Amino acid sequence: MTTQTPESAGIVDPSAVLDERFKDAISSVLPDLPREQIQTHITPSRQPKFGDFQSNCAMPLAKRFGMQPRELAAKVIEAIDVTGIAEPMNESSIAGPGFINITLLPSAISDALGSLDTPQLGITPPDSPPTVVVDLCGVNLAKQMHVGHLRSTVIGDAIARLYERMGYKVIRQSHVGDWGLPIAMVVQKLIEREDAGLDLQTVTLAQLNTMYKQAQSECKAETKAVQLLEKVGGHPKAMAELELRIENANEHMERAKSRLVALQSGDSESVRVWQRIYDITMSACLHTCARLHANVTDEHSAGESTYRDELGSVVQDLIDRKIAEEDDGALVVKCDGIKEPTIIRKRDGGYLYATTDMAAIKRRVGTLGGDIVVYCVDSRQSLHFKQVFAAAHKAGYDKASDGHDASLVHAMFGTILGEDGKPLKSRSGENLNLSDLLDEAVSRAEATLSERSPDITGDERHQIAEAVAMAAVKYTDLAIERVKDYIFSFDRMLAFEGDTGPYLLYALVRIRSIFRKAQEAGIDTGAIESAPFDLREPSEKALALKLLRYPSVVEGASLNHEPNRMCAYAYELASGFSSFFDQCPVLKNDDDSLRASRLRLCALTGRVLEDALQTLGIPTVDRM
RNA sequence: GCCCCCGUAGCUCAGCUGGAUAGAGCACCGGACUUCUAAUCCGACGGUCGCAGGUUCGAAUCCUGCCGGGGGUGCCA
C-alpha cells in the first residue's frame with residue numbers, strides 16, 4: 001500500500017488524497033475493519049462555513065461498532081495525518097451528529113490546480129478503453145427532422161462526446177427508419193409521379209414529406225367508420241361513399257405491399273427510387289445535424305435496411321434454440337418478469353421493429369464489440385426496449401467477447417412541450433419542422449445581438465447569432481434532466497439572462513477578451529503558464545475549488561448518461577468566474593505576481609469551460 | 001385493468017445515488033457601470049419537497065398505499 005504524498009506526486013484530486021488519509025486514520029482507530037470496507041464519505045462542503053470538504057464517515061461507522069459518532073470522529077481526527085493537504089483538525093472540526101469538516105491548505109489547492117492545468121485537464125483515459133455504442137438521431141426516410149429528433153440527436157451526441165472525453169471508444173449509430181411498408185408507400189407514390197412526368201432529380205425533402213403524408217392517408221382504410229355506420233344505421237349514400245373510399249385505400253395498400261415485396265427482393269426500379277429518397281433525406285438531415293454541431297454523419301448511419309438480410313437468420317436462430325415460440329400464429333419470445341411477450345414475427349410472416357432491434361443488439365455487441373450500448377430514444381418506447389433487452393439477453397445476444405454481458409441502456413428522454421403544456425406542434429397541429437425552429441432561434445438571437453452589440457454587424461453578426469442560438473437551444477435541452485418533459489420557450493432560452501447557454505458563452509467571451517486586452521497592454525501571457533496560484537480572495541478560492549471538481553463531473557455525467565450534470569457544472573463554473581471577475585481585478589492590478597496568478601486562473605477557467613462546452617457539443621464565440 | 005415516468009418557491013428547473021438551515025434562474029424589491037464586455041455582480045423576498053404511513057442517528061432522496069398529470073399496453077414504428 002502506497003499513500004501518495006502531495007510533495008512527490010502532486011495533488012490531482014484533493015478528495016482522493018483525503019480519502020486515503022481518512023482510510024489510514026480509520027484503520028488505526030478500528031483495526032478490525034478491513035481497509036477495503038472503509039467508506040470515508042468525503043464530499044465537497046455545501047457551504048464555505050463548513051470548510052472545503054467534509055467526511056460523513058463517523059455516523060455509519062459508529063453505528064456499526066456501537067460507538068458514539070462524535071466520539072469516533074474525535075478519535076479519527078486524533079489519528080489522522082493531514083500534513084500537506086489540510087489545516088490541522090481539532091474538536092471544532094466536528095459538527096452536528098458527527099460531520100468532520102476539512103479546510104484545505106492554500107498550498108494544497110494551488111498544487112491541485114497546477115496538476116489540473118495540463119492538456120487533459122485531469123482526465124486520464126482507461127488503460128483498455130471499453131467500447132460504447134450510442135444509438136441516436138434516428139431520422140425517417142421521406143420525413144424532415146422535427147422537434148422529436150432534437151433531443152435524440154442533441155442528447156445522444158452529448159452522451160457520445162462524454163464517453164469520448166473519458167477516452168472510451170465510441171461508435172455512433174443512427175437507426176434510420178428506411179425500411180418497411182411506409183417507405184414502400186412513398187416509393188410507390190414516387191414511381192407513379194415519375195410516370196406522370198416528375199423529375200426525381202428536382203425533388204426536395206419537403207416534397208417527399210408531403211408525399212409521405214399523402215401516401216399514408218391514401219392507404220388508410222376507414223373500416224371503423226363503416227362498422228360504426230352499420231351499427232347505428234347510416235345513410236345509404238354515406239355508406240356507398242365510404243365503401244368506395246375503402247376500396248381505393250385497399251387498392252393503394254395492395255400496390256404498396258407489392259412494392260414492398262419488390263423492394264425487398266431487390267427489384268432495380270424500386271431500389272433506384274428508394275436510393276434517391278434515401279439520398280435526398282440524408283443530405284438534408286445530416287445538414288441539420290451539422291448545423292446543430294452534432295457529430296452525426298454518413299458513416300454513423302445504420303438504417304433498418306442494413307439489417308434486412310440478417311432478420312431471417314436471427315429468427316431462425318431463435319426458433320432453433322427454442323428461445324422463441326409460436327403464439328396465436330405469431331412468433332414471440334417470452335421473458336420472466338415481463339407480461340407482454342416480444343413479437344418477432346407476425347402471423348403473416350412479416351418482421352417487426354423488435355426483430356430489427358434484436359439484430360441490432362447482436363451486431364452492436366457481437367460485431368462492433370460494444371461493452372455498453374446506449375439507446376437515446378423517446379421514453380414512450382420504454383416497454384419496447386425492456387422487452388427487446390430481455391429477449392436479447394435470453395438469446396445471449398448481449399454477451400460480449402470476454403464473456404461478460406454488455407450493458408444495454410435505454411437513456412430515455414421526455415417530450416418537448418409548448419407553452420400550453422401539450423406536445424410542441426405547429427399551428428396546424430403537425431410536427432414542428434426542426435430547421436424552421438432553428439431559423440427562428442437564430443433570427444431572434446440576431447435581433448438581440450444587433451440591439452446589445454451594435455458594433456457587430458453583417459456576416460460576423462449572423463455567424464455569432466447562429467452559434468448563440470444553437471448554444472441556447474442545445475443548452476436548454478441538455479440542462480433539463482433527461483427523463484423529464486420540458487416547456488420550450490424561445491423567450492426564456494434567448495433572454496440571455498441567468499442560467500442559459502448564452503450566459504456560458506458570455507463568460508467565455510469575457511475570459512477571451514481579457515487575454516486580448518492583456519496582449520494589447522503588452523503583458524507576456526506566456527509567462528503566466530507556470531505562475532504560482534495565489535488564492536487570497538474568497539471568490540477566487542471558490543472558483544479554484546469548482547475547477548478541481550471537473551474530472552469527477554465528467555466521469556459522473558458520462559457513466560450515468562446525464563449531460564445535465566455537465567450543464568449544471570458549466571453554469572456553476574461560469575457563475576463562479578463571474579463573481580471572481582467582479583471582485584478580483586486581474587489586469588488592473590499592480591501586483592505582478594498576483595496578476596499572473598489571476599491570469600492563469602482565468603486561462604484555466606477558460607480552458608475548462610471550453611472543454612465542458614465542447615464535450616456537450618455547444619459551440620462558442622469570441623465576441624458577442 | 002395492468003405496467004412505466006413525473007409531482008420541489010408565483011413561473012421554469014437543480015438537488016452530486018441517505019447528510020447539516022432544501023438550492024439556482026426568471027419575476028418582484030433594493031444596491032453596484034467615465035466597464036478587464038452590466039448578456040454581469042451583491043443583497044432582500046419567496047417552499048408543509050403532492051398526501052399519509054414506514055425504514056433510521058438522519059428522508060426531497062429508499063419501501064408501501066393513496067391523489068393528481070403524462071405515456072404505454074402481442075402482430076405500426
Side-chain angles (χ1 to χ4, degrees), chain A residues 41 43-47 49-50 54 56 59-60 62-63 68-69 95-99 101 138 140 177 180-182 304 327-332 334 338-348 350-354 356 378-384 386-387 412 414-415 417 421-423 448-449 452-453 468 476 479-481 483-487 489 491-492 495-500 502-503 505-507 509-518 521 539 549 552-553 556-557 560 562 564-565 567-569 571-572 575 578-589 598 602 623-624:
Chain A
H41 293 107
T43 66
S45 295
R46 263 184 185 281
Q47 298 175 62
K49 69 171 174 180
F50 295 137
Q54 62 182 314
N56 303 335
M59 286 82 80
K63 181 186 169 67
Q68 294 295 320
F99 300 111
N101 292 331
N140 299 299
L181 192 56
E304 292 172 347
D327 190 345
D328 199 17
L331 191 69
V332 305
K334 292 181 178 170
I338 303 175
K339 206 177 69 181
E340 301 87 344
T342 312
I343 302 177
I344 55 166
R345 194 180 63 197
K346 296 191 283 185
R347 198 185 303 193
D348 68 5
Y351 302 131
L352 304 94
Y353 69 142
T356 310
D378 200 322
S379 65
R380 284 176 300 191
Q381 300 205 26
S382 63
L383 175 59
H384 166 69
K386 197 171 148 191
Q387 291 176 307
M412 64 173 102
T415 310
L417 308 173
K422 292 180 194 154
T448 310
L449 193 59
R452 301 214 189 202
S453 303
V468 168
T476 305
I480 269 99
E481 203 188 343
V483 298
K484 289 190 177 173
D485 296 348
Y486 76 91
I487 294 175
S489 163
D491 286 338
R492 219 178 314 117
F496 298 0
E497 274 146 22
D499 188 3
T500 63
Y503 176 89
L505 298 195
Y506 181 65
V509 160
R510 293 170 100 185
I511 293 171
R512 290 175 177 171
S513 174
I514 279 268
F515 285 94
R516 277 197 301 269
K517 280 277 180 346
S539 63
R549 282 172 41 210
S552 67
V553 169
N560 292 286
E562 289 180 348
N564 68 306
R565 292 197 196 190
C567 293
Y569 174 80
Y571 176 71
E572 271 185 53
S575 170
S578 292
S579 296
F580 155 77
F581 198 54
D582 189 68
Q583 284 147 37
C584 301
V586 179
L587 296 175
K588 290 181 172 178
N589 200 306
R598 287 180 175 170
C602 287
R623 303 169 67 202
M624 64 189 281

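Since the structure is predicted, the reported quantities are computational estimates derived from the model, not experimental observations. Below, chain A is the first sequence line, B the second, and so on; all start at residue 1.
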Determine the Euclidean distance between corresponding C1' atoms of B:A9 and B:C28; express it in Å to zero decimal places. 13 Å
What are the two closest heavy atoms between A:R46 and A:Q54, and how far apart are they? N-NE2, 4.3 Å
With the side chain of A:V509 defined as its heavy atoms from C-beta on, choose the nearest nucleotide among B:C75, B:U37, B:G70. B:U37
Measuring only the P atom in each nucleotide, how far is B:C3 from B:G65? A whole number of Å is fine. 9 Å
Looking for any heavy atom pair under 4.0 Å, which part of the strands does A:I514 touch: base, sugar-phosphate only, or nothing? base
Verify the stacking flag for A:F99 against B:A20: centroid separation must be under 5.5 angstrom and the ring planes must differ by under 30 degrees. yes
Heavy atoms under 4.0 Å, any strand shown: does A:Q583 hit a base, just sugar-phosphate, or nothing? sugar-phosphate
Any side-chain N or O of A:Y503 less than 4.0 Å from the OP1 or OP2 oxygen of B:C26? no
Just how far, in rounded Å, is P of B:U12 from CG of A:L417? 11 Å
If you check every side-chain atom of A:I487, which of B:U37, B:U12, B:G19 has the closest atom? B:U12
Count the heavy atoms belonging to other residues, nucleotides or ligands that lie under 6.0 Å from CD of A:Q583, then report whether that count exceeds 12. yes
Does B:G72 have its OP1 or OP2 closer than 4.0 Å to a side-chain nitrogen or oxygen of A:K386? no
Nearest of B:U37, B:C26, B:A24 to any side-chain atom of A:E497? B:C26
Atom C1', compared across B:G19 and B:C11: separation rounded to whole Å: 30 Å
If you compare every side-chain N and O of A:T43 against the phosphate oxygens of B:C16 (OP1, OP2), does one of them come in below 4.0 Å? no
Reading RNA chain B from 5' onward, which residue's closest nucleotide shows up sooner: A:R46 or A:S575? A:R46
For a quick check of understanding: with a heavy-atom distance under 4.0 Å over all strands, which category does A:C567 fall into, base, sugar-phosphate or nothing? nothing
Verify, without hydrogens or angle tests, whether A:R512 (side chain) and A:R623 (backbone) share a donor-acceptor contact under 3.5 angstrom. no
Donor-acceptor pair, side chain of A:E562 and main chain of A:E481, under 3.5 angstrom: no
Does a nitrogen or oxygen in the side chain of A:N564 sit under 4.0 Å from OP1 or OP2 of B:G15? yes
No-H, no-angle donor-acceptor pair, A:N101 side chain to B:A20 base, under 3.5 Å: yes
For the residue pair A:F99 and A:G96, what are the closest heavy atoms and their distance? CD1-CA, 4.4 Å
How does RNA chain B read in dot-bracket, base by base from 5' to 3', with Watson-Crick or G-U pairs under 3.5 Å and | used when the partner is on another strand? (((((((..((((.....[...))))..((((.......))))......(((((..]....))))))))))))....
So if I take every side-chain heavy atom of A:R565 and compare against B:U37, B:G1, B:C16, which nucleotide ends up nearest? B:C16
Would you say whether A:F50 stacks on B:A20? The test is a distance between ring centres of less than 5.5 Å and an angle between planes of less than 30°. yes
So what does A:N589 hit on the nucleic acid, given a heavy-atom distance under 4.0 Å: a base, only sugar-phosphate, or nothing? nothing
Going by a 90° cut-off around 0, is B:U8 syn or anti? anti
Tell me the closest heavy-atom pair linking A:P60 and A:H41, and the distance in Å. CG-CE1, 4.1 Å
Can you measure A:Q47 atom CD to B:G15 atom C1' for me and round it to whole angstrom units? 14 Å
Among B:U12, B:C76, B:G19, the nucleotide that comes nearest once only the side chain of A:R492 is considered: B:U12
Can you identify which nucleotide, out of B:C16, B:G71, B:U40, has its nearest atom closest to the A:R380 side chain? B:G71
Any donor-acceptor pair under 3.5 Å between the side chain of A:K484 and the base of B:U12? no
Spacing between A:E572 atom CD and B:C13 atom C1', to the nearest angstrom: 14 Å
Considering only side-chain heavy atoms of A:L383, which listed nucleotide, B:G72, B:C13, B:A27, is closest? B:G72
Less than 4.0 Å between a side-chain N and a carboxylate O, is that true for A:K386 and A:E340? no
Specify the separation, in whole Å, of atom CD of A:E481 and atom P of B:U17. 14 Å
Distance between the P atoms of B:G30 and B:C13, in whole angstroms? 29 Å
Checking only heavy atoms, does the side chain of A:Y353 share a donor-acceptor pair with the base of B:A77 at less than 3.5 Å? yes
OP1, OP2 of B:C3 versus side-chain N and O of A:S382: anything below 4.0 Å? no
Roughly how many Å apart are B:C5 and B:G46, using the P atom of each and rounding to a whole number? 36 Å
For A:P585, answer base if it contacts any base atom (sugar-phosphate contacts may also be present), sugar-phosphate if it contacts only those atoms, and nothing otherwise; contact means non-hydrogen atoms under 4.0 Å. base
How about A:Y571 and A:Y503: are their ring centres within less than 6.0 Å of each other? yes
Between P on B:C41 and CZ on A:F496, what's the gap in Å once rounded to a whole number? 16 Å
Check the angle between the aromatic planes of A:H384 and A:Y353 and answer parallel, tilted or perpendicular using the 30° and 60° thresholds. parallel
Is there a donor-acceptor pair under 3.5 Å between the side chain of A:D485 and the backbone N or O of A:T415? yes
Of the nucleotides B:A24, B:A77, B:U40, which has the atom closest to the A:Q381 side chain? B:A77
Suppose you measure atom C1' in B:U34 against the same atom in B:A20; what distance do you get, rounded to whole Å? 47 Å
Looking across every strand, which nucleic acid part, if any, lies under 4.0 Å from A:M624 by heavy atom: base, sugar-phosphate, or nothing? base
Among B:C6, B:C41, B:C75, the nucleotide that comes nearest once only the side chain of A:V483 is considered: B:C6
RNA chain B: 5'-proximal contact among A:Q54 and A:K63 (nearest heavy atom): A:Q54
Report which part of the nucleic acid A:K49 touches: base, sugar-phosphate, or nothing (heavy-atom distance under 4.0 Å, all strands). base
Figure out the CG/P separation between A:D582 and B:U37, and round it to whole Å. 13 Å
Quickly work out the A:N56 CG to B:C57 P distance and round it to whole Å. 16 Å
P-based separation of B:C63 from B:G18 [nearest Å]: 10 Å
Is there, by distance only and without an angle test, a donor paired with an acceptor across the side chain of A:D328 and the base of B:C75 below 3.5 Å? yes
Within the structure, does a side-chain N or O atom of A:K422 lie under 4.0 Å from either OP1 or OP2 of B:G70? no
State whether the side chain of A:S45 and the backbone N or O of A:F50 hold a donor-acceptor pair below 3.5 Å, judged by distance alone. yes
On a whole-Å scale, what distance lies between the C1' atoms belonging to B:A59 and B:U64? 15 Å
Does the pair A:R452/A:E497 count as a salt bridge with the N-to-O cut at 4.0 Å? yes
For the pair made of CG in A:D499 and P in B:U12, what is the distance, rounded to whole Å? 15 Å
Quick one: which of B:A24, B:A39, B:A77 gets closest to the side chain of A:Y571? B:A24
When we call it a touch if two heavy atoms are under 4.0 Å apart, what does A:P60 touch: a base, just sugar-phosphate, or nothing? base
